[in-house]
Engineer: 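Starting off with a structure, shown below.
Hydrogens, waters and symmetry mates play no part in the numbers below; they use all other heavy atoms, side chains included.
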Amino acid sequence: MIIQSRRKKAARPGRAPAAAPLTREVMNERFAAAIEESRGMPVLREDMLGEGEGAWDSDPRYPTETVNCLIWLQLIICEVYARGQPLESKIRIMDGIRYYGGHVAYGLRKSHFIEHWALLEPEPLVAVRLHRFPGYSRRTVRIDKERFRAYHNYPVRLYREELDTFDIDYITAEGLLKAVEDLAPGYYISFGVAGPYYEKLYGQGQGAMGLVHSLIIRIGDAGDGPRVEQSVVYHASTVLGSVAEAPLAVYVEKMSSLFYGYALFELDPAWDFHARPEADEEVERILRCEATLPPNEDRRKL
């Protein structure tokens, strides 16, 4: 099954041509290689990436030594599309994964709120239609963005800050174990839906939480046997301090006290990572405001 890109953009003068769509086989090979190569990277809770030298968050724009759970996922996604390309090209592709429109600014980071990313500019993620599976459910979450800004000492309004209420489609752990029998073999991206205990452990700077802790699920092809027995979860574990692997059934049982369930996505094989939408008025405002801010050495990085 090949997912068709939901948003086509005409090439603009001076822009690199769109990349040819990837096949599922190539994407699976690149997922496997990138995950294996990341296994030795230490995993921390803190956000070790920023917008580069001189920016409000002056940390580098590409991870080379350490990751957290979301930066690890972004790194794997980038490697799927940028395999074999030089670091400069990888940084630009990473910008398209991390920022709205690929415009580099702290206030434009997709990673602040994953449900915000999934609603406004999910590329290159494509949501798997979950309503057809057992265990389908929907949860409404209201995010306190002002509290988030205050915690991180960020003085500028975030991109589309007025959007604070989201409906999250997910399937329960039991539903996920059944869904893998119907999904095509290969790699999928998932986020846990935070439950009360997860919010108690990790929500001090944010309050209510929606989609959290990124996972990559590999659905195996077991021939005539149950696929769930060959399905594996990979994730960057702060508890272990490394990239971990676990059987899917074992993982979801272990996480039953933390997550209501799981949202599920695939990668768009036809994603045009060269495309950069023109900055709208709100993006321009954030870019201008951040340009006036001195580097913030006291920012909170969790």
Engineer: Less than 4.0 Å between a side-chain N and a carboxylate O, is that true for R157 and E282?
Structural biologist: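 Salt bridge absent between E282 and R157.
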
Engineer: With sequence neighbours excluded, tell me which residues meet ring pair (Phe, Tyr, Trp, His ring centres under 6.0 Å) with Y99.
Structural biologist: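 Result, ring pair (Phe, Tyr, Trp, His ring centres under 6.0 Å) vs Y99: none returned.
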
Engineer: Okay, side chain of S237, backbone of S242: is any donor-acceptor separation there less than 3.5 Å?
Structural biologist: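 No.
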
Engineer: Please say yes or no: joined through hydrophobic side-chain contacts below 4.5 Å, possibly via intermediate residues, are Y106 and L293 part of one cluster?
Structural biologist: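 Hydrophobic grouping puts Y106 with L293.
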
Engineer: Evaluate the ring planes of F148 and H152, with Trp represented by its six-membered ring, and classify them as parallel (under 30°), tilted (30 to 60°) or perpendicular (over 60°).
Structural biologist: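 If you compare the ring of F148 with that of H152, the planes turn out tilted.
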
Engineer: As a quick check of understanding, evaluate side-chain contact (heavy atoms from CB on, under 4.5 Å) for I216 and I76, giving each step before the final call.
Structural biologist: CA-CA 9 Å; I216 295 176; I76 300 301; 3.6 Å; yes

Engineer: Can R30 and E79 be counted as an ion pair, charged N to O under 4.0 angstrom?
Structural biologist: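 Here R30 does not pair with E79 in a salt bridge, since their nearest N and O are not under 4.0 Å apart.
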
Engineer: So L176 and L248, side-chain contact (heavy atoms from CB on, under 4.5 Å) or not? Walk me through it.
Structural biologist: CA-CA 9 Å; L176 178 60; L248 177 61; 4.0 Å; yes

Engineer: What residue among R138, H131, R129 forms side chain to side chain donor-acceptor pair (under 3.5 Å) with D169?
Structural biologist: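 Considering R138, H131, R129, a side chain to side chain donor-acceptor pair (under 3.5 Å) with D169 is found only for R138.
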
Engineer: Are any side-chain N or O atoms of S214 and backbone N or O atoms of L73, one a donor and one an acceptor, separated by less than 3.5 Å?
Structural biologist: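 Judged by distance alone, no pair lies under 3.5 Å.
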
Engineer: Pairing donors with acceptors under 3.5 angstrom, does anything connect the side chains of H112 and Y154?
Structural biologist: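 No, Y154 and H112 have no side-chain donor paired with an acceptor closer than 3.5 Å.
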
Engineer: Under a 3.5 Å distance rule, please check whether E290 uses its side chain to pair with a backbone N or O of A55 as donor and acceptor.
Structural biologist: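 Here the side-chain-to-backbone pair does not exist.
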
Engineer: Quick check for you: to the nearest 0.5 Å, what is the distance between D272 atom CG and Y81 atom OH?
Structural biologist: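 Answer rounded to 0.5 Å: 11.0 Å.
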
Engineer: Could you go through the salt bridge (Lys or Arg N to Asp or Glu O under 4.0 Å) check for R149 and D144 one step at a time?
Structural biologist: CA-CA 9 Å; R149 286 197 294 111; D144 189 342; over 6 Å; no

Engineer: Is the backbone N or O of D221 less than 3.5 Å from a side-chain atom of Q230, with the two atoms forming a donor-acceptor pair by type?
Structural biologist: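 No: the side chain of Q230 does not pair with the backbone of D221.
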
Engineer: Pairing donors with acceptors under 3.5 angstrom, does anything connect the side chains of Y187 and N28?
Structural biologist: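 Looking only at side-chain atoms, N28 and Y187 do not form any donor-acceptor pair under 3.5 Å.
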
Engineer: Is the distance between the ring centroids of H116 and Y100 less than 6.0 Å?
Structural biologist: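 Ring centres of Y100 and H116 closer than 6.0 Å.
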
Engineer: Using a strict threshold of under 4.0 Å (side-chain N to carboxylate O), is an ion pair present between R139 and D167?
Structural biologist: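 Salt bridge between D167 and R139, a charged N being under 4.0 Å from a carboxylate O: no.
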
Engineer: Who passes ring pair (Phe, Tyr, Trp, His ring centres under 6.0 Å) against F191, sequence neighbours left out?
Structural biologist: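 Partners of F191 under the ring pair (Phe, Tyr, Trp, His ring centres under 6.0 Å) test: F265.
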
Engineer: Donor-acceptor check, side chain of H213 to backbone of S190, threshold 3.5 angstrom: yes or no?
Structural biologist: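 Such a contact is absent between H213 side chain and S190 backbone.
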
Engineer: Can you tell me if S38 and W72 form a side-chain donor-acceptor pair at under 3.5 Å?
Structural biologist: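 Indeed, the side chains of S38 and W72 share at least one donor-acceptor pair under 3.5 Å.
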
Engineer: Using the rule given for salt bridge (Lys or Arg N to Asp or Glu O under 4.0 Å), can you reason through E162 versus K145, listing the C-alpha separation, both sets of side-chain angles and the distance that settles it, and then say yes or no?
Structural biologist: CA-CA 9 Å; E162 76 280 2; K145 295 182 180 179; over 6 Å; no

Engineer: Taking the six-membered ring for Trp and the single ring otherwise, decide whether the centroids of H235 and Y251 are under 6.0 Å apart.
Structural biologist: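 Ring centroids of H235 and Y251 are less than 6.0 Å from each other.
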
Engineer: When you measure from the centre of the six-membered ring of Y62, is the NZ or CZ of K90 closer than 6.0 Å and no more than 45° off the axis?
Structural biologist: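 Checked: cation-pi criterion not met.
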
Engineer: State whether E266 and R24 are salt-bridged, where the test is any N-O pair (Lys NZ or Arg NE/NH1/NH2 against Asp/Glu carboxylate O) under 4.0 Å.
Structural biologist: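 Answer for the salt bridge query: yes.
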
Engineer: For G96, does its backbone N or O pair with a side-chain atom of K110 as donor and acceptor, under 3.5 Å?
Structural biologist: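 Yes: the side chain of K110 pairs with the backbone of G96.
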
Engineer: Quick one: does L215's side chain get under 4.5 Å of I189's, heavy atoms only?
Structural biologist: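 Of all side-chain heavy-atom pairs linking I189 with L215, none is under 4.5 Å.
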
Engineer: Does E37 pair with R83 as a salt bridge, N-O distance under 4.0 Å?
Structural biologist: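 Salt bridge flag = yes for R83 with E37.
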
